[in-house]
Amino acid sequence: MRKTVWWGCFVQMLLASVVWAQANRATITGTVTDSSGAVVAGVEVTATNSDTNVATKTVSNQDGIYVLPNLPPGHYAVEFRKEGFQAEQLPAVTLISTQVAKLDASLQVGSVNTSVTVSTNAPVLEQERASIGTNMQASVVNDLPLSIYGGGRFVEDFAVAITPGYSPISSHYGAVVNGGQWFTKDSKDYTVDGTSGTADIQGNSMQNGPSMEAVQELQAQTSGLDAQSSITGGGVMSFNLKSGTNRLHGSAFAYGHNELLDANTWTNNNQGIPKGRARAWDYGGSVGGPIRKNKTFFFGTFERYIQTDFRLGGFSSVVPTADFLNGNFSALLDKSQVLDTDTHGHPVYAGAIFNPNDPGAVFAGNIIPSSMFSKVSQKIVAIYQKSYAPQTSGLNANNRLPLSNSPAQTPNEAVIKLDHNLADADRLSGSWVYNHKPRTLVDSGGVWEAGTTDGGPLSASRTNSFHSDQWRLSESHIFSSNLLNVLNLTYNYDWQGDQPSAAGNWPEQLGLGSTVATNFSLIGFGSDVNGHKEDFMGNSFQGSFAGASMIAGDSVTWTKGRHNFTLGGDFHAHQVNSHSGRAR
């Protein structure tokens with residue numbers, strides 16, 4: 001089934017002293033005065049990125065106010081220059097995502113060739129925005145202790161854990177912020193480089209998010225959102241990707257886990273079973289630098305996670321005993337409860353089985369003759385006897401599922417980002433985020449064949465594969481010192497499919513003939529009988545679904561006197577193509 005949804009264009013207008021251009025960028029603004037406190041117009045203000053040597057310039061207006069919008073987060077040197085005044089330099093200004101930094105300058109009369117340098121970090125005041133949240137730099141995240149087990153490194157886990165206002169029940173799919181209602185993350189709640197990270201699985205940064213090695217900064221906003229972000233019903237989780245600089249640099253990492261350092265489980269010790277294999281590796285690296293100094297830059301990362309952990313958990317599922325498989329269900333009889341008598345005058349105890357070939361009569365001793373087993377049933381009994389012998393002597397809880405919900409997985413993540421300065425007033429940035437995550441899932445219960453990696457033919461385990469691509473392109477153009485335009489184009493695509501882990505054309509093998517589906521049919525055993533219930537067998541997972549979102553956005557920022565005006569709009573198109581289903 002294919003479905004396309006077009007979201008209408010929305011327009012936002014902000015009339016305040018705050019200016020925004022691209023959602024993940026920063027702004028420097030302030031007022032320039034002379035030693036008497038009078039405003040100074042026509043001052044050239046330049047912010048130079050310390051890593052790329054790319055300069056952004058503007059001029060203070062008649063009210064002495066200047067605005068430098070759309071600055072990538074990073075380290076800057078800011079300079080104020082005008083004939084008749086000494087130049088003032090602030091060589092160490094650090095900007096973070098969405099920050100509107102207020103830097104006022106007081107110029108002294110003198111030669112422009114004479115400069116006053118502030119040697120310490122410039123005091124950056126955030127008086128222009130009311131948003132509240134937590135900002136995490138890559139250096140901080142990478143230095144924090146992190147467990148890789150269960151799928152690799154997830155940078156959002158830290159943000160949710162330490163950001164005030166986020167409830168502990170928040171997840172990659174949704175969140176509870178500041179005591180509000182649970183909300184599902186949509187195209188505005190989870191962003192990468194200022195644009196949506198959502199294609200079909202809403203907000204799921206765990207599946208389609210960038211590699212942690214590629215994230216320069218993560219910001220979690222919980223309240224006081226600006227007009228561009230406040231379309232959401234909750235908070236906003238924003239990832240900013242690293243960019244290349246004038247210096248060639250890179251990194252490499254490897255994390256490992258091995259069962260050699262683990263204690264055995266209580267169940268294994270009780271049963272005399274040695275430790276199972278539980279191993280994981282997370283490794284990768286990054287490289288970035290100049291293609292053309294001061295002009296074009298690149299950055300790329302690759303990360304791969306490998307996990308193999310088929311250790312079995314506690315006894316939780318149920319398989320038939322040897323007596324049951326031979327037709328002897330006498331253990332189900334409760335002879336303390338006589339419910340009635342059958343057509344032959346025999347007592348009908350609780351748990352008795354009636355003979356369909358002799359209506360109204362129960363099987364003597366609750367034993368079904370093997371001669372009444374169908375050919376299909378005989379083949380299923382043989383599979384149980386070969387692969388699913390009870391691991392304990394009781395009727396209940398005699399089978400174990402894997403301890404891990406995803407015992408085998410090999411996620412691969414890659415990110416490439418390019419930045420290019422077309423001209424002093426024209427800048428281009430683009431990125432590609434790739435994810436491919438095949439894994440085995442045992443989250444549907446059922447039974448498990450010990451010693452296997454697929455659970456055997458009767459298992460409900462499935463092989464799940466996820467693939468996503470995210471493409472982003474952003475172009476900013478400065479028309480004048482008070483007019484900026486930013487264009488964003490985003491294309492997100494994801495595909496997810498399932499199939500039974502155990503291969504084989506089971507309908508044909510069981511004698512049911514050839515069908516479209518090849519899975520072992522899902523078979524259940526009804527409700528409890530005297531406190532005993534068998535777990536279902538078989539698997540019904542089939543098919544796939546895909547989603548794509550296409551977003552075009554543009555914003556114009558205009559500074560007039562003491563006021564900043566921003567007019568912007570987004571156009572969203574969303575397509576879903578579903579071939580998912582359940583074959584029974």
Side-chain angles (χ1 to χ4, degrees), residues 20-29 44-58 66-81 89-101 103 117-118 121-122 124 135 137-139 142 192-195 210 213-219 238-251 285-301 415-433 472-478 481 484-488:
W20 52 260
Q22 188 173 340
N24 69 315
R25 299 300 175 93
T27 296
I28 300 176
T29 186
E44 183 180 87
V45 185
T46 304
T48 304
N49 188 296
S50 304
D51 295 318
T52 62
N53 206 35
V54 174
T56 302
K57 298 181 180 181
T58 191
Y66 73 93
V67 178
L68 288 166
N70 209 51
L71 298 173
H75 306 289
Y76 287 85
V78 181
E79 184 179 51
F80 302 84
R81 297 178 68 89
Q89 297 177 348
L90 304 173
V93 177
T94 300
L95 301 177
I96 62 175
S97 174
T98 70
Q99 182 180 22
V100 180
L103 289 177
T117 301
V118 179
N121 289 342
V124 178
N135 184 282
Q137 297 294 313
S139 57
N142 288 329
V192 177
D193 272 355
T195 65
E213 198 69 11
V215 176
Q216 174 64 37
E217 179 184 85
L218 185 146
Q219 186 175 76
S238 304
F239 297 89
N240 291 323
L241 302 178
K242 295 177 181 177
S243 293
T245 67
N246 274 330
R247 181 175 61 87
L248 185 65
H249 60 284
S251 65
S286 68
V287 62
I291 297 176
R292 182 180 173 188
K293 281 198 171 184
N294 303 331
K295 190 78 172 178
T296 308
F297 310 92
F298 78 96
F299 184 83
T301 68
V415 176
I416 295 176
K417 185 174 181 181
L418 297 174
D419 296 279
H420 178 63
N421 298 309
L422 298 169
D424 288 344
D426 241 331
R427 288 164 192 173
L428 194 65
S429 178
S431 65
W432 171 57
V433 179
R472 290 177 177 81
L473 184 66
S474 176
E475 190 268 345
S476 64
H477 183 80
I478 300 174
S481 61
L484 166 73
N485 185 81
V486 178
L487 172 67
N488 289 304

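FYI, the numbering just counts along the sequence from 1.
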Which atom of [X] lies closest to which atom of [Y], heavy atoms considered:
X    : Y    : value
G289 : H249 : N-CE1, 4.3 Å
N294 : N421 : O-ND2, 3.5 Å
K242 : V215 : CE-O, 3.5 Å
L422 : K295 : O-NZ, 3.5 Å
N246 : P290 : O-CG, 3.5 Å
S476 : L484 : CB-CD1, 4.3 Å

4.5 Å side-chain heavy-atom contact, [X] and [Y]:
X    : Y    : value
Y66  : I28  : yes
V433 : L241 : yes
R427 : V54  : yes
Y76  : L95  : yes
L248 : V287 : yes
T245 : F299 : no
T58  : V67  : no

State the [atom1]-[atom2] distance between [X] and [Y], to the nearest 0.5 angstrom.
X    : Y    : atom1 : atom2 : value
H420 : F297 : NE2   : CZ    : 10.5 Å
L218 : S238 : CG    : OG    : 7.5 Å
T301 : K417 : OG1   : NZ    : 12.0 Å
D193 : R25  : CG    : CZ    : 7.0 Å

**Pair D51-R247, side-chain contact (heavy atoms from CB on, under 4.5 Å): steps then yes or no** = CA-CA 8 Å; D51 295 318; R247 181 175 61 87; over 6 Å; no
Say whether S251 and S286, considering side chains only, have a donor N or O and an acceptor N or O under 3.5 Å apart.
-> yes
Taking atom types as modelled, find out whether N240 and S97 have a side-chain donor-acceptor pair closer than 3.5 angstrom.
-> yes
* Applying side-chain contact (heavy atoms from CB on, under 4.5 Å), run through K293 and N53 and close with a yes or a no. => CA-CA 9 Å; K293 281 198 171 184; N53 206 35; over 6 Å; no
| said: Pair T296, L418 - check side-chain contact (heavy atoms from CB on, under 4.5 Å), show working. | reply: CA-CA 7 Å; T296 308; L418 297 174; 5.8 Å; no
Only one of T48, I478, T46 passes side chain to side chain contact (heavy atoms under 4.5 Å, CB included) with T56, and that residue is I478
task: Evaluate side chain to side chain donor-acceptor pair (under 3.5 Å) for D419 paired with S243, printing each intermediate quantity in order.
output: CA-CA 7 Å; D419 296 279; S243 293; 3.1 Å; yes
